[in-house]
Amino acid sequence: MSDVVVSFENLSKSFAGMATPALAALTGEIRRGFITGLVGPDGAGKTTLLRLIAGLLVPSSGRLTTLGYDPLHEAAAIHRELGYMPQKFGLYEDLSVLENLTLHADLRNVTGKERAETFGRLLAFTDLQRFTDRFAGKLSGGMKQKLGLACALLGNPRLLLLDEPGVGVDPISRRELRQMVERLVDDGIAVVWSTAYLEEAELCGTTLVLNEGQLIFTGPPQTMTAPLLGRCWHLKNPAGSKRRLLAQALSHPSISDGTIQGHHLRLTFRANAPLLPPGFPPETLGAPPNTSWAPVAPRFEDAFIDRLGGGPGGDSVLAQHVPTIPNDGNVVIEARQLTKKFGDFTATDAVTFAVRRGEIYGLLGPNGAGKSTTFKMMCGLLKPTAGHAAVVGLDLRHSAGKARQKLGYMAQKFSLYGNLTVRRNLEFFSGIYGLTGNQQRDKTATMAAIFHLEPFLDAKTDSLSLGFKQRLALACAVMHEPDILFLDEPTSGVDPITRREFWTHINGLVERGVTVMVTTHFMDEAEYCDRIGLVYRGKLIAEGTPDQLKSLAATSSDTEPTMEDAFIALIQGTDEHPG
């Protein structure tokens, strides 16, 4: 049997009304024996390629074979040997785990003794035996993905297509999901893992990297990162504002990309930079003279951004349109013994923290840990069962409406109105915050320009790509120039360039005195936070700077753990030593 399961040559796909093809003349193949990462930003063409492979779309031109079949004429044969886990949760949330499995077994004609044996095997494989009666809509994000994987595996497929399975899933669940998929590869199943998260792609055996419908790289991740050896550096422990220094560094012609990593800046130098560290003076970037360099290994994400010409830069146009708020150092967000119960279930259990003016505070935790519940109480959207929550000195139990005028809120699942146009959403949210007349029109026009929404003003919001929905949601949250921003997983599922653009705006706003509270499952993103509170089973189990949390997870064999290592170690340590 050939190891090649999918082959395509000059494959193209165009859709009516699109100025450019969704896929343009792709040539490549997919083999058994490893996970193939299908990598690219939002709108690159990843889902289109998966649907062509699955026989769900007809190519505009080119040649394609899947499992030896022609998808154009033998789609039914492909469907019998293919497992497909779509990007949007393709299960019925009002059915139980077992009812979802039964429905998909009926569709795949898995019956009788085979069905009973398959259900037992898949429930054990996904560790869902205890949850067969639970509605799918009540599962955590990680458990939903495991159920989706179980349904995709019904019928013993030879090829498994996973469309962004890690979106919205915490690091522990992502790691468990990957381990499960690696076992499937060992059993001989060919797997395609589509992702916009570059740290996921780095773990794949080989990758197909798409951008704007073009295949820009194919091969092992290490081959793509190799040209960046010697060009990635830490600027260690710079004094003063790391956010301001990062913005200055990103404006330098030698720097193509940069992020904050705890106490350090991680910077990538361009291939044509006339001078590289350690000979490059840190003072050139505005750093203090005693700042030092340390080389770091390039990541797949560094290589991806470098291949696209670099990141978006460090200047936030949004911040330039926001008045400066004097940073008095006062506590502006406070929770004391904050508790929320739903019946007998305690979602948030005596959580206490305080956030000062001009600080970024990250609330991290696994799916279902209580982060969003805590968030909603701090925004005045949920009333606490017990304890105290205050924003800018206003008690949210008694003055929630007044407090909400001081803050902006970007929900985990967008609160945008999908059947309204982009313009109507901007007008609606600005109206809620009290903007009228010329002020409302001017602010709508300004936000449309800042977030590049002008071409889409009359388009329905549901028609936007994920990246533009994110931009619109942030625009709606900051229309009234709030003192405080609550961002609940604001960049879930977007590509690294869009994520950097987003954080450029956040860093710029914080430099102007805005206070930010954020949740995220993306651990590199957590490095931007001044302090982090780690929530697990409703309790705050650890709090500190990113580097302080990483130091808690350090061992003699791993003296420099990543933020993801720290997250997993602290959660697992709580399980091993409860209380």
Side-chain angles (χ1 to χ4, degrees), residues 4-31 35-67 69-76 78-79 82-90 148 152 157 159-167 190-198 200-201 204 206-218 304 307-308 455-456 459-460 462-470 492-498:
V4 177
V5 293
V6 178
S7 174
F8 45 93
E9 184 177 358
N10 291 321
L11 183 66
S12 297
K13 178 62 182 177
S14 297
F15 294 99
M18 288 181 59
T20 58
L23 295 175
L26 269 58
T27 296
E29 61 184 25
I30 293 164
R31 293 175 172 267
I35 299 173
T36 297
L38 183 57
V39 186
D42 186 44
K46 302 187 298 296
T47 298
T48 299
L49 180 56
L50 290 181
R51 289 175 177 170
L52 286 167
I53 292 169
L56 300 174
L57 288 175
V58 176
S60 300
S61 61
R63 182 189 62 80
L64 170 66
T65 59
T66 302
L67 298 168
Y69 300 109
D70 177 359
L72 185 59
H73 301 105
E74 300 172 292
I78 292 173
H79 298 164
L82 176 89
Y84 183 33
M85 186 173 159
Q87 183 177 353
K88 294 182 178 177
F89 188 48
L159 171 62
L160 182 62
L161 306 179
L162 306 175
D163 197 354
E164 306 216 18
V167 170
V191 175
V192 180
W193 184 300
S194 164
T195 183
Y197 289 161
L198 278 300
E200 287 184 349
C204 294
T206 191
T207 56
L208 301 168
V209 183
L210 297 175
N211 186 58
E212 296 181 348
Q214 306 273 346
L215 186 62
I216 63 171
F217 174 81
T218 179
F304 175 83
R307 190 166 284 240
L308 296 186
F456 312 106
K460 292 285 182 68
D462 274 345
S463 70
L464 297 179
S465 68
L466 177 60
F468 277 102
K469 284 180 180 173
Q470 300 276 27
S492 179
V494 301
D495 61 90
I497 290 181
T498 303

So, [X] side chain and [Y] main chain: donor-acceptor pair closer than 3.5 Å or not?
X      : Y      : answer
Ser60  : Ser14  : yes
Lys46  : Glu164 : no
Thr66  : Ile53  : yes
Thr207 : Val209 : no
Lys13  : Pro21  : no
Ser194 : Leu162 : no

Do [X] and [Y] come close enough that some side-chain heavy atom pair is under 4.5 Å?
X      : Y      : result
Ser463 : Phe456 : no
Asn211 : Pro41  : yes
Val58  : Leu72  : yes

Taking atom [atom1] of [X] and atom [atom2] of [Y], what is their separation to the nearest 0.5 Å?
X      : Y      : atom1 : atom2 : value
Leu38  : Ile30  : CG    : CD1   : 7.0 Å
Leu160 : Ile35  : CG    : CD1   : 9.5 Å
Leu208 : Ile216 : CG    : CD1   : 11.5 Å
Leu210 : Phe217 : CG    : CZ    : 12.5 Å
Gln214 : Leu23  : CD    : CG    : 9.5 Å

### Message
For Leu198 and Val39: C-alpha separation, side-chain torsions, deciding distance, then whether side chain to side chain contact (heavy atoms under 4.5 Å, CB included) applies.
### Response
CA-CA 7 Å; Leu198 278 300; Val39 186; 3.5 Å; yes
### Task
May I ask you to check whether over 12 heavy atoms, not counting those of Glu29, lie within 6.0 Å of atom CD?
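Enclosed.
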### Task
Go through the steps for Phe15 and Leu57 under the test side chain to side chain contact (heavy atoms under 4.5 Å, CB included), then give the verdict.
CA-CA 11 Å; Phe15 294 99; Leu57 288 175; 4.0 Å; yes
Could you tell me which non-hydrogen atom of [X] sits nearest to which non-hydrogen atom of [Y], and how far apart they are?
X      : Y      : answer
Gly166 : Tyr197 : O-CE1, 3.7 Å
Leu11  : Pro59  : CD1-CB, 3.7 Å
Leu50  : Leu161 : O-CD1, 3.6 Å
Leu82  : Pro157 : C-CB, 3.6 Å
Leu64  : Val6   : CD1-CG1, 4.0 Å
Leu215 : Thr27  : CD2-O, 3.3 Å

### Task
Assess whether side chain to side chain contact (heavy atoms under 4.5 Å, CB included) is satisfied between Asp163 and Met85, documenting all intermediate values.
CA-CA 6 Å; Asp163 197 354; Met85 186 173 159; over 6 Å; no
### Query
Between the side chains of Ser7 and Arg63, is a donor N or O closer than 3.5 angstrom to an acceptor N or O?
yes
### Steps toward side chain to side chain contact (heavy atoms under 4.5 Å, CB included) verdict (Val192, Tyr84)
CA-CA 10 Å; Val192 180; Tyr84 183 33; over 6 Å; no
